[in-house]
Protein chains: 2
Amino acid sequence: MGPRKANTPTLTRGQIVRAAMTIVDRDGLEALSMRKLAAELGVGTMSLYYHVPDKSALYDLILDASLREVDLSDDDPDAPVEARVTGVAHAIRDTLLNHPRAAIIAMSRSLRTPTQLRPIEKLLQVLAEAGMSPAQAMQTVNVIGQYAVGVTVMYANHINDSEYRDEREGDYTELTPEEFPAMFQTMQHAEEFGDWDADFEAGLSALIKGLVTDRI
Amino acid sequence: MGPRKANTPTLTRGQIVRAAMTIVDRDGLEALSMRKLAAELGVGTMSLYYHVPDKSALYDLILDASLREVDLSDDDPDAPVEARVTGVAHAIRDTLLNHPRAAIIAMSRSLRTPTQLRPIEKLLQVLAEAGMSPAQAMQTVNVIGQYAVGVTVMYANHINDSEYRDEREGDYTELTPEEFPAMFQTMQHAEEFGDWDADFEAGLSALIKGLVTDRI
DNA sequence: CGTATTTATAGTACGGTGTACGAGATATGT
DNA sequence: ACATATCTCGTACACCGTACTATAAATACG
């Protein structure tokens, strides 16, 4: 095919990003290529480059689209600080887990766009309203934000990794009880844990207690 | 060139991994290719495949080599639990920051090899000696381990990202004070924070307080 | 000693990647 | 009408991981 139409953009940035997320959700992040993306849209590969400068920018757009889904609407300004902070942290986690294969993008680039920074702004507002000093508020937001993103991304990758590794061999352990006594001892209670959500919750409330409640 | 020698391995797994880490530390993880790695060693590309099954395995080996540097030696069995846990967490962080460009590997694959699991075993031992139940110990280890790795990797990537983005344009902010009042308010105290080490410390002690001290 | 086997290195080739460049077509402005 | 801006896309290049195969040197064995 040659040139087709012009000036009536049949192809938009939004469509490109949406198709990209479809591919990432379906086949994984490493399966996303400009060629496959163009094919998914029924369009020439190089047409994408009119709307997106390069693949790195595409990653940013995917992250942006993910974080745009963060739902901060059910925040109650009259609720206690702890509950409000918990709500934002959960919103971040839920959103990232909505697109687990894309979550890793949040780790490899620093947050820049308004959409990406909105949850942070929200946290700062909540802490400011609770009377926390700017320096302490910033530290609290950094720690809790990084905790929420970091731990959730590790969980998302754990899910992906498990799926992938289940269809391979399961020979991954050559651990000896002599070298790893505590692990073997602990593994006998394996039914009692492995709940990542509960673990996240436990860490989150410890952080909020130490960084928010104990600092007024 | 064709085949040269045999049975006197001039090329070893260790040399390959060492050269790979040299490249990663110098040029970044994305600059690591089998071809460049072979060139760095003055060797044919396909020779690498006799010692390493594929590139994914190479990543695992790099992670392994990184984590092998974790120094658990100055752990004092008579120190209070909190100090011992803090020590392990810091050892993990220091090691990851020793090879910041490689740190992201720790996020994308789950820990499997003995070397990778040794810090975890150490934490389990410390908590067991402190009388914590297996289920609670496992949760504590998960949370603190994921916190240490996740937050540190985000820091490492922030460093990389900053260096890279400084030589580009700095136009990255189009934030309006109307939309982001708390951020603008907070930014006026920018000198008082930005200390990632202090932030890490604050979060870590909050976690230890809530997950260890408060649970005996 | 001769010969078979194992160990190790490496060249070639295939199918994939991101994207620079430029050619072409359509719609819009004058 | 024509010039210009907008938009699409084919070709080509350099690079990637690695399957397959050929080759040589060291070793094992008769």
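Just so we're clear, the structure is a prediction, and the values are computed from it rather than from any experiment. Note on naming: letters A, B, ... go to the chains in the order of the sequence lines (proteins, then strands), and numbering restarts at 1 for each one.
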Just how far, in rounded Å, is [atom2] of [N] from [atom1] of [X]?
| X | N | atom1 | atom2 | answer |
| --- | --- | --- | --- | --- |
| B/K55 | C/dG16 | NZ | C1' | 14 Å |
| A/Q15 | D/dC7 | CD | C1' | 14 Å |
| B/E30 | C/dG18 | CD | P | 15 Å |
| A/M46 | D/dT11 | CE | C1' | 10 Å |
| A/M34 | D/dG10 | CE | P | 15 Å |
| B/L48 | D/dT18 | CG | P | 11 Å |
| A/L29 | C/dG18 | CG | P | 11 Å |

Is any side-chain N or O of [X] closer than 4.0 Å to OP1 or OP2 of [N]?
| X | N | value |
| --- | --- | --- |
| A/Y50 | D/dT8 | no |
| A/T10 | D/dT8 | yes |
| A/S47 | D/dC9 | yes |
| B/H51 | C/dT7 | no |
| A/S33 | C/dT17 | yes |

Mind telling me whether B/H90 and B/F200 have parallel, tilted or perpendicular rings, with 30° and 60° as the class edges?
perpendicular
side-chain contact (heavy atoms from CB on, under 4.5 Å) with A/T152: which of A/D94, A/N157, A/L96?
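Going through the options one by one, the only one that passes is A/L96.
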What I want to check is whether an N or O donor and acceptor connect the side chain of A/R35 with the base of C/dG16 at under 3.5 Å.
no
Compare all side-chain heavy atoms of A/K36 with those of A/E40 and state whether any distance is below 4.5 angstrom.
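With C-beta onward as the side chain, the pair stays apart.
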Return a table of donor-acceptor pairs under 3.5 angstrom between the side chains of residues 134-143 of chain A and protein atoms on other chains or two or more places apart.
from: A/Q139; atom 1: OE1; to: A/R215; atom 2: NH1; distance (Å): 3.0
from: A/Q139; atom 1: OE1; to: A/R215; atom 2: NH2; distance (Å): 3.4
from: A/Q139; atom 1: NE2; to: B/D199; atom 2: OD1; distance (Å): 3.1
from: A/T140; atom 1: OG1; to: A/Q136; atom 2: O; distance (Å): 2.8
from: A/T140; atom 1: OG1; to: A/R215; atom 2: NH2; distance (Å): 3.0
from: A/N142; atom 1: ND2; to: B/D199; atom 2: OD2; distance (Å): 3.3

